[in-house]
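Counting convention: from 1, in listed order, for ligands and their atoms alike.
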Amino acid sequence: MTREPGVVDASAIAARYRTLVDEVLALGGERVRIVAVTKTFPPEAIAAVAAAGCPCIGENYAQELVDKWGRFMARDDVGPVPEVHFIGGLQSNKVRSLAPIVDVWQSVDRESVIAELARRSPGARIMVQVNATGEPDKAGCDPADVESLVGLATQGGLVVEGLMTVGPTDGDPARTRSAFRSVAAMVTALGLSEISMGMSGDWRLAVEEGSTLIRVGSAIFGERPPRTA
Ligand SMILES: *Cc1c(COP(=O)(O)O)cnc(C)c1O
């Protein structure tokens, strides 16, 4: 069956979301919240997954989120409004336009962004993104810098809820598990409460290693359309 691009099958999204919830619970993930990653999908995808009970959505691109959120909130029947988690590469100059929309800034990985958040969004809820796999071109701070960034953010009045990480690009299960385990250990050592790790391909390992927020896109919404904006 071919699908018209941009047309959202709300009942298929709801069914896949509910299946995911059941699978997470079957793995013992009572504490786990699902962040439905809606990047490149239209506002109707947000509405569909929120109506199915999903508490949070995740977006990666500032301008896309600003446009999409305006269209989502302008719907005649908005329905449940999910928390918005920003999970993409974050530049300081995007913070201002995102601040009225974003509830949790998951991808904070450097001082300049912390300073800008403290200025534009006092008291914001954040997570520090850590590159736990040593891959050179990957977002996230060095594990050695986590503690000082958490300290800086806290001094700046931000609320650091936990750490966020992306598993190894090659998806190797042993490397994935060890990366997730090391991030969970950092969260415990720092006395934080949230661990954002696990995507469509590796959320099971993440839940086993203590994730409290899994960020799942394609397993709920299907294959992502190419980015246009
Ligand atoms: C796109 C993205 C996801 C979701 O990826 P899927 O493989 O579609 O589940 C999760 N986290 C981050 C940081 C992403 O960029």
Side-chain angles (χ1 to χ4, degrees), residues 3 5 8-9 12-13 15-21 23-24 27 29 32-42 45-46 48-50 52 54-65 68 82-91 94 98 102-110 113 125-133 135 137-141 146 161-173 175-176 179-180 183-184 187 194-209 211-229:
R3 194 166 55 105
V8 162
D9 182 345
I13 289 171
R16 286 193 293 253
Y17 173 73
R18 282 192 292 265
T19 301
L20 180 62
V21 169
E23 290 175 344
V24 168
L27 269 184
V32 175
R33 282 180 296 155
I34 295 170
V35 179
V37 178
T38 44
K39 64 180 172 209
T40 78
F41 290 103
I46 299 178
V49 80
C54 186
C56 320
I57 60 124
E59 288 276 347
N60 290 56
Y61 308 109
Q63 193 55 50
E64 179 189 333
L65 172 55
K68 193 188 296 187
E83 267 191 4
V84 177
H85 291 231
F86 196 78
I87 62 172
L90 185 54
Q91 280 122 31
K94 299 291 163 63
L98 289 172
V102 171
D103 295 296
V104 181
W105 306 80
Q106 286 205 13
S107 45
V108 176
D109 64 1
R110 54 187 185 272
V113 169
R125 298 159 61 197
I126 73 155
M127 307 186 79
V128 171
Q129 181 173 359
V130 52
N131 176 353
T133 63
E135 290 162 280
D137 296 327
K138 196 165 177 173
C141 70
V146 167
E161 299 198 332
L163 303 182
M164 184 271 241
T165 200
V166 175
T169 307
D170 68 9
D172 175 76
R175 265 199 292 280
T176 303
F180 287 168
V183 174
V187 166
E194 302 288 344
I195 316 176
S196 174
M197 57 190 190
M199 315 189 353
S200 292
D202 57 14
W203 65 263
R204 288 178 181 79
L205 282 171
V207 169
E208 287 172 10
E209 295 300 332
S211 179
T212 65
L213 285 164
I214 58 173
R215 309 178 307 269
V216 178
S218 43
I220 298 173
F221 300 106
E223 201 183 321
R224 261 188 294 281
R227 249 185 104 195
T228 49

Taken in chain and number order and not counting sequence neighbours, the residues that satisfy side-chain contact (heavy atoms from CB on, under 4.5 Å) with Val32 are Val24, Val207, Ile214
The side chain to side chain donor-acceptor pair (under 3.5 Å) partners of Asp170 (sequence neighbours excluded) come to Arg175
Show me the short polar-atom pairs for ligand 1: any N or O of it lying under 3.5 Å from a protein N or O, with distances only.
residue, atom, partner, partner atom, Å
ligand 1, 8 (O), Ser218, N, 2.8
ligand 1, 8 (O), Ser218, OG, 2.9
ligand 1, 8 (O), Arg224, NH1, 2.8
ligand 1, 8 (O), Arg224, NH2, 3.2
ligand 1, 9 (O), Ser200, N, 3.0
ligand 1, 9 (O), Ser200, OG, 2.5
ligand 1, 9 (O), Gly217, N, 2.8
ligand 1, 11 (N), Arg215, NE, 2.9
ligand 1, 15 (O), Lys39, NZ, 2.7
ligand 1, 15 (O), Asn60, ND2, 2.7

So CG of Leu98 and CH2 of Trp105: to nearest 0.5 Å the spacing works out to 4.5 Å
From the list Thr133, Asn131, Thr165, side-chain hydrogen bond (donor to acceptor under 3.5 Å, both in side chains) partner of Lys138 resolves to Thr133
Taken in chain and number order and not counting sequence neighbours, the residues that satisfy side-chain contact (heavy atoms from CB on, under 4.5 Å) with Thr19 are Glu23
Of Glu83, His85, Gln106, Glu194, the one forming a side-chain hydrogen bond (donor to acceptor under 3.5 Å, both in side chains) with Arg125 is Glu83
